[in-house]
2 protein chains.
Amino acid sequence: MEATLDLFKELKSFSEPELQKEILKHAKFIKANKGDILIKEGQYLNFLPIVIKGLLRVYQQNEDREILLYYVGPEQTCMMSLSSAYFDYYSTANGIAMEQSEILVLPAHLIAEWQLKYPSWNKFILRTFKSRYDELLNAFGNVAFKPINVRLKEYLTAYVKNESSNKIPVSHQTLANDLGTTRVVISRILKQFEKEKLVKLHRGYIQLIS
Amino acid sequence: MEATLDLFKELKSFSEPELQKEILKHAKFIKANKGDILIKEGQYLNFLPIVIKGLLRVYQQNEDREILLYYVGPEQTCMMSLSSAYFDYYSTANGIAMEQSEILVLPAHLIAEWQLKYPSWNKFILRTFKSRYDELLNAFGNVAFKPINVRLKEYLTAYVKNESSNKIPVSHQTLANDLGTTRVVISRILKQFEKEKLVKLHRGYIQLIS
DNA sequence: TTAGATAAGTATCTTTTGATACACAAAATT
DNA sequence: AATTTTGTGTATCAAAAGATACTTATCTAA
């Protein structure tokens, strides 16, 4: 737990000493294992999770399909929680831990309180709203206007942009889940990409040829 | 202009006397005619419009098609402006006046300043973020998972829910623009609805049955 | 080493959506 | 009254996406 604490203290968003003291006073630190479901659709959320280490995946579900909303990485929080905690609402999405994660959990009522008290907290909250909104807006435009093959291509190129390697260790099913379609559709399009020499397909990963 | 001022003073979101004084000190009131484009994609926004009277339509565009993001009615503001004004960004959507509208315009830099100073302003901003996010999330889920005929049906029933009449004075082209598809697709589906006795079609309006 | 789970390839068929083109009628404009 | 604009109906064709079903690998764990 000491290590987590150290990690937390390095987060720039909460460097204000008063705020840091307050957070430590009220927060709980929890650990989540890979696959743990932290937020369920319809759930009443009276807490705000801030990721210290690890990665959460937030997605919407519809019968047999799902679609990615966003990932929550270190120093970030979940829009769902923020939204429902602040306004006393229910979550309209699901959140699952993608890897072993360490999470700071705050009681919901503090969010509004600190809004007026701590400028850095205020900024953190608004930055969260803003960037999550932007992400979603972008995703919305993509889903509304672009065919899946284009979205898939963009997904793959965006993926390798943040990595040193051009290997994408993601299964077709996972891609389908992120893009809101089915596995067969993804496999079909990837095969087409392979014919066009854009990728090389392997079990468990995709190699991007640029 | 006096009438506008009176309308403004009745808005509950800004009933805090200090805040009201500040707004009146810094705001400009403008009038927009039907069809006036107030916000363009890519535009740098250094102002925040708050609608006093009338209606703005905010939408995304992609070559020949467009899709509705949300409407901005009285006592509401535009997420685009808020987002780009607060964080010094460019708009990623377009805004057009649907009818003759009266709008209060605030310089962008005040948004952040008042955030910490006036609780009611703080609440207004966060409520805006929250409700716009919810709307968008809902629209996103719809576009991702539901076929157009279902979305169209929901659109029509939602429309009459707020009206006393069951006549929807909207052209097929407008429906296409709101739902992100083309006129022919809408006409085709509506014809199907008519066969199923769900609607009766007329020039310029649609009559919902039951 | 064998059984079960997971990942991927592929064929077939259907439905949905989109693109294009043209006809016709009701408004609006001149 | 004549012309133009706008709104709608519809036919045809093509492409995109989804559903289903079955096969073949590869990996994992008993």
Side-chain angles (χ1 to χ4, degrees), chain A residues 34-35 61-67 96 98 141-156 159 167-208, chain B residues 34-35 61-67 96 98 141-156 159 167-208:
Chain A
K34 182 174 172 171
Q61 209 160 23
N62 183 272
E63 286 144 46
D64 51 336
R65 284 208 239 155
E66 55 183 61
I67 192 165
I96 188 173
M98 296 297 282
N142 283 340
V143 172
F145 296 129
K146 296 181 186 171
I148 303 184
N149 58 352
V150 173
R151 285 164 54 212
L152 178 56
K153 196 178 290 180
E154 289 177 356
Y155 184 105
L156 296 177
Y159 196 107
K167 287 184 184 173
I168 302 161
V170 170
S171 75
H172 297 187
Q173 183 60 60
T174 304
L175 290 169
N177 288 343
D178 278 6
L179 294 172
T181 183
T182 58
R183 201 268 311 168
V184 184
V185 171
I186 295 292
S187 294
R188 185 196 290 156
I189 295 170
L190 282 175
K191 210 66 202 170
Q192 183 56 34
F193 286 175
E194 196 174 45
K195 272 184 199 150
E196 298 167 9
K197 309 270 181 212
L198 296 172
V199 300
K200 209 161 169 214
L201 301 180
H202 308 267
R203 184 193 171 91
Y205 71 96
I206 296 160
Q207 200 174 347
L208 212 66
Chain B
K34 182 172 172 173
Q61 208 160 24
N62 183 270
E63 284 142 47
D64 51 335
R65 285 211 237 153
E66 55 182 60
I67 191 165
I96 188 172
M98 295 297 283
N142 283 341
V143 172
F145 296 128
K146 296 181 185 171
I148 303 183
N149 57 353
V150 173
R151 285 165 52 212
L152 177 55
K153 195 177 290 177
E154 289 177 355
Y155 184 104
L156 297 176
Y159 196 105
K167 286 184 184 174
I168 303 162
V170 170
S171 76
H172 297 188
Q173 183 60 60
T174 304
L175 289 170
N177 288 343
D178 278 6
L179 294 172
T181 183
T182 59
R183 200 270 310 170
V184 183
V185 170
I186 296 291
S187 294
R188 185 196 291 155
I189 295 171
L190 281 175
K191 210 66 202 168
Q192 182 56 34
F193 286 175
E194 195 174 46
K195 273 185 198 148
E196 298 167 10
K197 309 271 183 214
L198 296 171
V199 299
K200 208 160 172 218
L201 300 181
H202 308 265
R203 184 193 170 91
Y205 70 97
I206 296 160
Q207 199 174 348
L208 214 65

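Lettering follows sequence order; numbering is per chain, from 1.
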The single option from A:His202, A:Lys167, A:Lys200 that satisfies side-chain hydrogen bond (donor to acceptor under 3.5 Å, both in side chains) with A:Gln207 is A:His202
Rounded to whole Å, CD of A:Gln192 lies from P of C:dT10 at a distance of 12 Å
Out of C:dT10, D:dG9, C:dT17, minimum distance to the side chain of A:Lys191 belongs to C:dT10
Open item on the list: When you compare the side chain of A:Ile206 with that of A:Leu175, does any pair of heavy atoms fall below 4.5 Å?
Closed with: yes
With distance as the sole test, does B:Arg183 use its side chain to make a donor-acceptor pair with the main-chain N or O of B:His172 at under 3.5 Å? no
- Please test B:Arg151 against B:Val143 for side chain to side chain contact (heavy atoms under 4.5 Å, CB included), starting from the C-alpha separation and ending with a verdict. CA-CA 8 Å; B:Arg151 285 165 52 212; B:Val143 172; 3.8 Å; yes
Rounded to whole Å, the CD1-C1' distance (B:Ile206 to D:dG7) equals 11 Å
Under a 4.0 Å heavy-atom cutoff, the residues of residues 180-187 of chain B touching DNA chain C are B:Thr181, B:Thr182, B:Val184, B:Val185
To the nearest angstrom, the CG-C1' distance between B:Leu201 and D:dT6 comes to 17 Å
Quick note, A:Arg65 side chain, CB onward, closest among C:dT10, C:dT17, D:dG18 is D:dG18
Rounded to the nearest 0.5 Å, the CG atom of A:Leu179 sits from the NZ atom of A:Lys146 at a distance of 12.0 Å
key: Sub-4.5 Å side-chain heavy-atom contact between B:Thr182 and B:Asp64   = no
Reading nucleotides 24-30 of chain D from 5' to 3' and marking B where a protein heavy atom lies under 4.0 Å of the base, S where only the sugar-phosphate is that close, and - otherwise, the string is -BBS---
Separation of C:dT16 atom C1' from B:Lys146 atom NZ, nearest Å, is 17 Å
Can you tell whether the side chains of B:Glu194 and B:Lys191 come within less than 4.0 Å, N to carboxylate O?
yes
Tell me what B:Leu190 touches on the nucleic acid: a base, only sugar-phosphate, or nothing, going by heavy atoms under 4.0 Å. nothing
Applying side chain to side chain contact (heavy atoms under 4.5 Å, CB included), run through B:Ile186 and B:Thr181 and close with a yes or a no.
CA-CA 8 Å; B:Ile186 296 291; B:Thr181 183; 3.8 Å; yes
